[in-house]
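Okay, so here's the structure we're looking at.
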Amino acid sequence: MHASHISVAAAVTLSIAAVCYSQFDPKASEKQARVVADKATCHTVDSAIVAYVGIHGTAPKAISEITGYVKGDITAYRIVNGQAAGPGCS
């Protein structure tokens with residue numbers, strides 16, 4: 001057997017072991033999934049800004065003005081020139 005075969009077999013074995021280990025604590029996995037799902041994206045914040053403009057006729061000045069239009073955590077974002085700025089925004 002070649003050394004490369006042994007290293008590949010070891011890597012696959014360790015990967016499978018890590019996946020199996022992570023399933024021993026399903027509550028922690030569920031908690032992690034909920035935390036990730038609760039975070040809003042830049043696209044979500046931009047959509048909320050568009051909804052706000054459609055209703056009020058002007059762009060919001062602060063992120064606090066659009067919190068009612070978004071489900072999830074938008075505290076990492078801010079509004080710059082009428083657009084979302086923050087994680088994932090270009």
Side-chain angles (χ1 to χ4, degrees):
M1 195 174 241
H2 295 283
S4 62
H5 294 153
I6 294 171
S7 63
V8 169
V12 170
T13 302
L14 289 174
S15 297
I16 291 170
V19 169
C20 291
Y21 178 75
S22 71
Q23 296 309 307
F24 283 130
D25 194 0
K27 292 211 184 260
S29 296
E30 179 185 355
K31 184 179 178 183
Q32 174 71 19
R34 289 187 187 277
V35 167
V36 171
D38 285 341
K39 292 185 180 177
T41 64
C42 189
H43 180 71
T44 304
V45 177
D46 275 333
S47 295
I49 292 170
V50 170
Y52 183 92
V53 170
I55 292 171
H56 299 282
T58 60
K61 303 282 188 244
I63 204 74
S64 61
E65 294 179 73
I66 62 168
T67 55
Y69 299 88
V70 180
K71 287 185 180 179
D73 182 15
I74 61 171
T75 57
Y77 296 92
R78 62 192 188 290
I79 298 174
V80 177
N81 296 326
Q83 293 183 327
C89 300
S90 54

For residues 76-88, tabulate all N or O donor-acceptor pairs below 3.5 Å that involve a side-chain atom, not counting sequence neighbours.
residue: Tyr77; atom: OH; partner: Ala40; partner atom: O; Å: 3.1
residue: Tyr77; atom: OH; partner: Cys42; partner atom: N; Å: 3.3
residue: Tyr77; atom: OH; partner: Pro87; partner atom: O; Å: 3.1

(request) Return the minimal non-hydrogen interatomic distance between Glu65 and Lys61, and the atom names on each side. (result) OE2-N, 2.7 Å

(message) According to side-chain hydrogen bond (donor to acceptor under 3.5 Å, both in side chains), who are the partners of Ser64, at least two apart in sequence or on a separate chain?
(response) none

(message) Measuring from atom CD1 of Ile49 to atom CD1 of Ile66, what distance do you get when rounded to the nearest 0.5 angstrom?
(response) 4.5 Å

(request) Indicate whether the side chain of Thr44 and that of Ser47 have a donor and an acceptor atom separated by less than 3.5 Å. (result) no

(message) Applying ring pair (Phe, Tyr, Trp, His ring centres under 6.0 Å), can you list everything that pairs with Tyr69, at least two apart in sequence or on another chain?
(response) Tyr52

